[in-house]
There are 2 protein chains.
Amino acid sequence: MTPTIKTVAEHAGVSIATVSRYINGFGSVRPANVERVRKAIEELNFRPNVIGRSLRTAQTRSFGVMIPSLANPVFAEAMAGIQEGAKEAGYTTVITNTDYSIEEEPVAVHAMLSNQVDGLILTVTQADDNLLLDQLDSEQVPYVLLYNQTDKPGRCAVSVDNVAAAREVAERFLLLGHERVCMVTGRIAASDRAEARRRGFLDGLRSGGIDHASVVEVDFVNMDVTEVLHSLFASPAPPTALFCSNDALAIAVIAALRTLGIRVPRDVSIIGFDGISIGELIEPCLTTVEQPSREMGRTAVQHLLDILSGEATRNMVFLPHRLRTGATTGPVSDTAPVVLQNPKHHSQKENKT
Amino acid sequence: MTPTIKTVAEHAGVSIATVSRYINGFGSVRPANVERVRKAIEELNFRPNVIGRSLRTAQTRSFGVMIPSLANPVFAEAMAGIQEGAKEAGYTTVITNTDYSIEEEPVAVHAMLSNQVDGLILTVTQADDNLLLDQLDSEQVPYVLLYNQTDKPGRCAVSVDNVAAAREVAERFLLLGHERVCMVTGRIAASDRAEARRRGFLDGLRSGGIDHASVVEVDFVNMDVTEVLHSLFASPAPPTALFCSNDALAIAVIAALRTLGIRVPRDVSIIGFDGISIGELIEPCLTTVEQPSREMGRTAVQHLLDILSGEATRNMVFLPHRLRTGATTGPVSDTAPVVLQNPKHHSQKENKT
DNA sequence: CTGAAAGCGCTAACAT
DNA sequence: ATGTTAGCGCTTTCAG
């Protein structure tokens, strides 16, 4: 395909060291030789073999990124920021997704480490109590967590303040007069941020005098929310407001409610979390806690870079969130209670996200 | 971080060759030594350095993937299929996105080639007449195009039949009685599939006796569709049906029409292209040409693998599409012409997709 | 079945 | 300013 540096050197009538110097801009090369090398490279269509360089320099100038899934736009957006930041710094990224499977996490990380990535950006299910992270710590592998929320000191993570944000969600519901509220979330055990959001939400409600809010866990991967919602709204005092732990889930919930004959926001208010851009385009447009995902991705890269260069400030970094008011929220209504329709047998197909 | 094979060998009291044989399962190792090596690897937490191996074997077992953007769910879905297929075959993937910028294409490809990827999966803007692809051909770099449509023989691509699919879209509109139809598309010059879809669409209309359909190009990246739609619908005989060249655009168009006071499908029918899963969840749910994106990704990997192993069948591969009927299409209505509202100054923010 | 040794493409220390 | 050379971690002949 492309020749080696040796061929280029012969072609230019210089030594491989000179060619190397030319390529890397290190040391100096006589103008006449610069020209000869340049020409040789062009004529031979030479591309330096990064593998050879990496072996020698013991660094690949690449990052490993592990996220649950690219199908959730919030991670795709963060990736955009990561790629952007990495490119600016001259780094390549290797992406692996776990499909929300915790067993994949160590496999993926080890694969990336085998590929000698210089650092890792990870979104794990659980950052507090995590053997894999402990191992990385003990091996001194540079990594930054993204979206994870952890109190463990020395563990560097980029995130919004999920607890505070969720508390604001509760406050908003209370302000609108909602008292029968509920949180719909993916498996709490599989997500420290879901846990933080629950904590903040319940805490916020408690401050407003509501102690009995229920939390419903759903299988987020397959998003079979219809059944759960059906039983939730079959109760004599169904919720008038739902906090969904992320936007993808919120959108699925709204769709499922529709098949049940429950209208948003007339019958029930919805607030999501993430601020994915599609949320602004749908009808009614989604009220949600906006995270600066792209910026978070960039920040994660920046921190990793800082760690690599020794300016290590290993701790949590919180970026600001914003409660974005859409049209899925409204004041609690006094109208007759919801009349539930039978869910159309919509053959809820596997709908990974 | 992790030791080298030499350390493992010393630790196990064998030579590095034996360790290598053990790791690769090639050649045979005495059971006693197997055990000693296994133990040494475990104790030292050894991970073979893939860089060293790659340099020696002159293959990385990795693919380079270049797509326009991960923010468009259709590519994220294809990536899922690619990752899946690659993983099964023991390959890693390196992803680069061009953000729809044609200048980035050669840069990205050369970067991946410098990283010695064993093959490429590419979505380019233009597959027919493309210097970069010509270069890859002449350098004999193994690659497979994805989503691109080309007639150039020997150029391997995985796609649906965009022309046929778009023709079906036209037929559907005609069947519903629409005569004033229009296509809204990203820059045609920047997408061979958009071009193919236009060709099929216009051809289908022509077969139904419609010769005057207009095609409107929009800046897809920034999705500033409101203005274009406003002038389109300000005409005395505005279209009653719109074919959008992809679902992300269709969703943006529906949102923009909403701000203009134009309702879908009452005032205008919409058909998209791609079949992204979010399209099924929105209200009204999107009528679209469904592509089997995940499957296309897998197929692309399979073909690349075939090419690498010499079973080269270098040609276009068409996967079946399906016109999925949603709720954005309906018969043409006889009601009064659309009354246009002024577009709310929605501060159309940059909304990359 | 095992070990010694060469060498993949490159960089960097050293010598000139 | 330039060339020579060692060696990064690994696989793979080739002898034994």
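Chain letters run A, B, ... following the sequence lines, proteins first and then strands; every chain starts at 1.
Across all strands, B:Tyr22 comes closer than 4.0 Å to no nucleic acid atom at all (heavy-atom distances). Note on A:Val50: nothing from the nucleic acid sits closer than 4.0 angstrom, heavy atoms only. Using a 4.0 Å heavy-atom criterion, one finds that B:Ser20 contacts the bases of the nucleic acid, with or without backbone contacts as well.
We find that CG of B:Asn49 is positioned 14 Å from C1' of D:dG7, with the value rounded to whole Å. The CZ atom of A:Phe26 sits 13 Å away from the C1' atom of C:dA13 (whole-angstrom rounding). We find that CD of A:Gln59 is positioned 16 Å from C1' of D:dG9, with the value rounded to whole Å. Spacing between atom CZ of B:Arg61 and atom C1' of D:dT11 amounts to 15 Å, rounded to whole angstrom units. Here the P atom of nucleotide C:dG9 and the CD1 atom of A:Ile51 are 12 Å apart, to the nearest Å. One atom, CG of A:Asn33, and another, C1' of D:dT2, lie 8 Å apart when rounded to the nearest Å. A straight line from CG of A:Leu55 to P of C:dC8 spans 13 Å, rounded to a whole angstrom. Distance, B:Arg36 CZ to C:dC1 P: 16 Å, rounded to whole Å.
Distance alone, capped at 3.5 Å, places no donor-acceptor pair between the A:Arg298 side chain and the A:Gly81 backbone. Between the side chain of B:Arg38 and the backbone N or O of B:Tyr22, no donor-acceptor pair lies under 3.5 Å. Side chain of A:Asp128 to main chain of A:Thr150: no donor-acceptor pair is present (N/O by atom type, distance under 3.5 Å, no hydrogens or angles). For B:Gln126 (side chain) and B:Ile102 (main-chain N/O), no donor-acceptor pair under 3.5 Å exists by modelled atom type. Looking only at distances, a side-chain donor or acceptor of A:Thr57 sits under 3.5 Å from a matching main-chain atom of A:Arg53. Of the possible polar contacts, none joining the B:Arg47 side chain to the A:Gln116 backbone as a donor-acceptor pair under 3.5 Å is found.
For the pair B:Val29/B:Val37, no side-chain contact is recorded, criterion being any heavy-atom separation below 4.5 Å from C-beta on.
The aromatic rings of B:Phe75 and B:Tyr147 lie perpendicular to each other, with more than 60° between the two planes, well past the 30° mark.
Contact check on A:Lys39 versus A:Glu35 returns no salt bridge, with no Lys/Arg side-chain nitrogen under 4.0 Å from an Asp/Glu carboxylate oxygen.
For C:dT11, the OP1/OP2 oxygens have a side-chain nitrogen or oxygen of A:Asn24 closer than 4.0 Å. At the phosphate of C:dT11, OP1 or OP2 sits under 4.0 Å from a side-chain N or O atom of A:Arg53. In this structure, A:Thr18 reaches the D:dG3 phosphate: one of its side-chain N or O atoms is under 4.0 Å from OP1 or OP2.
B:Arg155 pairs in a side-chain hydrogen bond (donor to acceptor under 3.5 Å, both in side chains) with only one of the listed residues (B:Asn130, B:Asn148, B:Asp137), which is B:Asp137.
Comparing C:dC10, C:dC1, D:dG9 by their nearest atom to the side chain of A:Ile5 picks out C:dC10. Closest to the side chain of A:Thr57, from the set C:dA12, D:dC10, C:dC10, is C:dA12. In this structure, the nucleotide among C:dT11, D:dC10, D:dT2 sitting nearest to the side chain of A:Arg56 is C:dT11.
DNA chain C lies under 4.0 Å from no heavy atom of any residue of residues 108-119 of chain B. Interface residues of residues 9-17 of chain A facing DNA chain D, ordered by number: A:Val14, A:Ser15, A:Ala17; criterion, heavy-atom separation under 4.0 Å.
Judged by distance alone, the side chains of A:Ser101 and A:Glu103 do bring a donor and an acceptor atom under 3.5 Å apart. Defined by atom type and a distance below 3.5 Å, a donor-acceptor pair is present between the side-chain atoms of B:Thr60 and B:Asp118.
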Using nucleotides 14-16 of chain C, report all nitrogen or oxygen pairs with the protein that are shorter than 3.5 Å.
none

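Put simply, CE on A:Met79 and CD1 on B:Ile95 are 6.5 Å apart, with the number rounded to the nearest 0.5 Å.
Projected onto DNA chain C by closest heavy-atom contact, B:Gly52 and A:Ile23 fall at different nucleotides, the more 5' of which corresponds to B:Gly52.
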